[in-house]
Amino acid sequence: MLRSINVKINAAIAIALVIVLGLSAYFTLSTQNVQAEENTQSKARLLTQSVTNIIKMDMVGQYEKDLTKIILTLGQFKEIETLRIFSPDGLILHSAIPQEVGANIDELVMNVFLSGDMNKPFRSGAEEHRSMCRVEVMYNAPECHRCHGSDTEIIGVLEVCLSMAATDEQIERNARFMVISTVLTILMIVIVISLLTTLIVKRPISSLMSTIEKRRRGEVDARVRLYSNDELGKLGQSFNDMLSRLDEANRQMQRLHAEQMSRAERLASIGEMAASVAHEIKNPLAGLSGATQVLSSSFPEGDPRSEVVKEMLKLTVRLDKTINDLLSFAKVATPTFEQVNPNDIIEDALFFAIGETSDKDVKTVRRLDQMMPEIPLDSHQMQQVFLNLFINARHASKPGQALTIISRITPEGPLPDGIPVNDYVEIAVVDEGDGIPPDRLKEIFKPFFTTKVQGTGLGLPISRNIVEAHGGIMGVESTVGEGATFYVWLKKRQDTAS
Ligand code: ADP
């Protein structure tokens with residue numbers, strides 16, 4: 001993968017360079033070519049005009065053999081490929097190559113002459129290399145009449161062809177040089193970038209990846225090797241910091257887990273002991289309660305001792321409740337599921353709660369969703385949960401305040417730990433009491449935590465045990481002075497129960 005990053009970067013750069021350098025080489029060579037052609041053209045023009053003038057000057061008062069000599073002499077210049085004078089009907093009269101005198105000029109030159117467009121240079125197609133040609137018409141001027149008479153308008157046509165072989169060779173050399181230098185430049189840049197990406201990118205990323213791999217294999221000491229202080233270096237540093245924090249969190253979690261385990265074990269054995277002690281107390285207590293009842297009925301009306309016995313009876317009832325709570329907390333609640341509508345259980349629990357706390361004038365408001373479906377519940381256990389919550393709420397309320405019970409098919413807010421809301425129904429028990437201070441919120445689900453003189457501190461822990469045995473969740477939120485809301489979220493289906 002890293003190699004492919006390298007390859008991708010280099011391929012992209014190489015393509016960009018080929019396009020940019022290739023285009024610039026192409027345009028440079030084209031410009032050189034055009035310039036070379038233009039140079040040769042102006043040379044051809046200059047030469048034809050000079051030769052025409054020389055011939056004219058020489059012809060006036062000279063002999064024809066001097067013209068041949070001039071042409072032969074000029075024709076010796078290496079660059080001059082063709083230098084000839086031909087008659088208007090195409091017969092070669094004078095030439096730097098004496099053998100072709102008397103022959104006809106080729107069709108191309110004749111056509112240029114006949115077209116009349118003689119100022120325009122043209123290319124001869126005859127040779128392997130390019131050559132630039134030009135024709136210049138020599139008109140029969142009055143000073144020529146002495147030898148040529150006055151009948152003809154044109155006395156001859158001068159044709160000059162300049163070879164572009166040397167220029168072409170130079171252009172070819174330039175092109176070769178450009179191709180080689182372009183290829184070398186691209187190679188150099190690609191090599192340098194490849195080296196840089198290896199040093200700056202590949203090395204730190206490899207180190208990061210190998211550290212991740214080592215950690216995966218369980219090497220807890222593995223850390224990223226830092227090569228630089230740039231972004232990747234900082235990434236490595238942050239990764240190392242994160243690993244250290246993770247290790248520390250892990251150590252803390254292990255310590256906490258060990259502590260909790262030993263605490264749980266301790267609690268479990270205390271719980272077992274408490275349960276067996278409670279069992280032992282339960283039977284004698286039943287006997288004691290029965291005996292006290294018999295005793296109370298044996299006193300005559302108005303006897304002051306009957307008040308004492310009544311108080312004794314109350315205390316045995318409270319003792320019995322405490323023992324029952326302790327036993328149901330110690331017992332692992334395994335619910336027996338049946339399809340029940342939670343609204344029905346709420347109604348039953350409310351009936352008992354109002355009975356238990358009838359001394360208080362608390363309004364009960366029901367906002368129960370009439371579309372609430374039947375869900376798998378243990379009615380008896382869930383009745384105990386709601387009863388606990390309603391009694392607590394009524395205990396916390398002052399006369400005239402309201403206790404609102406809400407049931408919703410889908411929870412209103414998000415559930416803890418991102419649990420999907422659609423799998424649960426929600427029951428909220430809202431009171432307008434004094435509320436619970438934040439530091440106490442953490443304590444209220446702990447066994448035996450109570451702020452009530454006659455409380456056991458087992459109501460909420462028992463309720464939470466039952467709800468969790470149903471695969472449900474319990475939650476609480478409270479604002480001091482405004483009241484508390486206890487939530488019970490229950491699963492709509494038990495097949496997904498954990
Ligand atoms: P108990 O009712 O026997 O005290 P619980 O476990 O039911 O035991 O409750 C523990 C404590 O939580 C209570 O003593 C009380 O301080 C607090 N608590 C419970 N429900 C409420 C409520 N609705 N408003 C304020 N405090 C509450």
Side-chain angles (χ1 to χ4, degrees), residues 267 270-271 274-275 278 281 314-333 345-346 349-350 352-367 380-407 413 416 426-470 472-489:
L267 272 178
I270 291 172
I281 295 173
K314 262 197 208 163
L315 289 176
T316 48
V317 169
R318 208 179 121 197
L319 213 54
D320 189 53
K321 183 181 178 303
T322 307
I323 286 166
N324 282 338
D325 278 359
L326 198 65
L327 281 174
S328 60
F329 177 65
K331 198 171 66 191
V332 179
I345 302 183
I346 290 170
L350 261 178
F352 289 116
I354 293 169
E356 285 228 10
T357 53
S358 53
D359 51 319
K360 282 213 172 154
D361 181 20
V362 176
K363 279 186 285 172
T364 307
V365 181
R366 294 169 176 80
R367 277 168 44 201
H380 181 70
Q381 288 186 354
M382 283 315 299
Q383 201 174 309
Q384 201 182 339
V385 172
F386 292 132
L387 187 62
N388 274 331
L389 295 181
F390 299 157
I391 290 175
N392 277 347
R394 287 177 68 90
H395 278 161
S397 304
K398 294 186 182 66
Q401 288 181 333
L403 157 65
T404 310
I405 299 127
I406 307 164
S407 70
E426 177 177 86
I427 289 101
V429 180
V430 190
D431 67 59
E432 297 171 350
D434 291 339
I436 308 164
D439 57 324
R440 200 185 291 166
L441 273 179
K442 285 182 249 129
E443 306 293 321
I444 56 172
F445 285 98
K446 287 185 182 164
F448 308 113
F449 175 85
T450 181
T451 53
K452 300 173 193 169
V453 184
Q454 297 203 349
T456 60
L458 287 170
L460 287 178
I462 290 172
S463 302
R464 187 157 76 174
N465 275 358
I466 293 173
V467 172
E468 284 177 357
H470 277 71
I473 310 157
M474 260 190 92
V476 58
E477 56 187 35
S478 173
T479 310
V480 176
E482 288 181 18
T485 302
F486 280 83
Y487 292 99
V488 176
W489 293 293

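For ligands, and for the atoms within them, numbers begin at 1 and follow the listed sequence.
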Step-by-step side-chain contact (heavy atoms from CB on, under 4.5 Å) determination, R440 to T451 = CA-CA 10 Å; R440 200 185 291 166; T451 53; 3.9 Å; yes
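- Using modelled atom types, no side-chain atom of E477 and backbone atom of T485 make a donor-acceptor pair closer than 3.5 Å.
- Using a 4.5 Å heavy-atom cutoff, the side chains of L389 and L460 are in contact.
- Each of the atoms 3 (O) of ligand 1 lies under 4.0 Å from some heavy atom of G455.
- With a 4.0 Å heavy-atom cut-off, ligand 1 is reached by the side chain of I436 but not by its N, CA, C or O.
- When only non-hydrogen protein atoms are considered, atom 13 (C) of ligand 1 lies nearest to T451 OG1, 3.9 Å.
- In terms of protein heavy atoms, atom 4 (O) of ligand 1 is closest to T450 OG1, 2.6 Å.
- Considering CG of L403 and NE2 of H395, their distance stands at 12.0 Å, rounded to 0.5 Å.
- Atom NZ of K363 sits in a sparse spot, with 12 or fewer heavy atoms from other residues, nucleotides or ligands closer than 6.0 Å.
- V430 places none of its side-chain heavy atoms less than 4.5 Å from the side chain of R367.
- With a 4.5 Å cut-off on side-chain heavy atoms, V467 and Y487 do not count as touching.
- Nearest to atom 7 (O) of ligand 1 by heavy atom, out of I444, N392, T456, is N392.
- Residue-ligand proximity, D431 to ligand 1, at heavy-atom distances under 4.0 Å covers atoms 22 (C), 23 (N), 24 (N).
- Within ligand 1, the atoms closer than 4.0 Å to a non-hydrogen atom of P461 are 6 (O), numbered from 1 in the order shown.
- Among all non-hydrogen protein atoms, the one lying nearest atom 2 (O) of ligand 1 is K452 NZ, 2.8 Å.
- With a heavy-atom cut-off of 4.0 Å, F486 touches ligand 1 through its side chain alone.
- Residue contacts with ligand 1 include G457, since one of its heavy atoms falls under 4.0 Å from the ligand.
- For ligand 1, the atoms lying closer than 4.0 Å to a non-hydrogen atom of G459 are 5 (P), 6 (O), 7 (O), 8 (O).
- Residue-ligand proximity, L460 to ligand 1, at heavy-atom distances under 4.0 Å covers atoms 5 (P), 6 (O), 7 (O), 9 (O), 12 (O), 19 (C).
- No donor-acceptor pair closer than 3.5 Å links the side chain of E432 to the backbone N or O of Q401.
- Considering only non-hydrogen protein atoms, atom 10 (C) of ligand 1 sits nearest to F449 O, 3.3 Å.
- The protein atom (non-hydrogen) at minimum distance from atom 24 (N) of ligand 1 is A396 CB, 3.3 Å.
- D431 contributes a side-chain N or O that, together with a main-chain N or O of A484, makes up a donor-acceptor pair within less than 3.5 Å.
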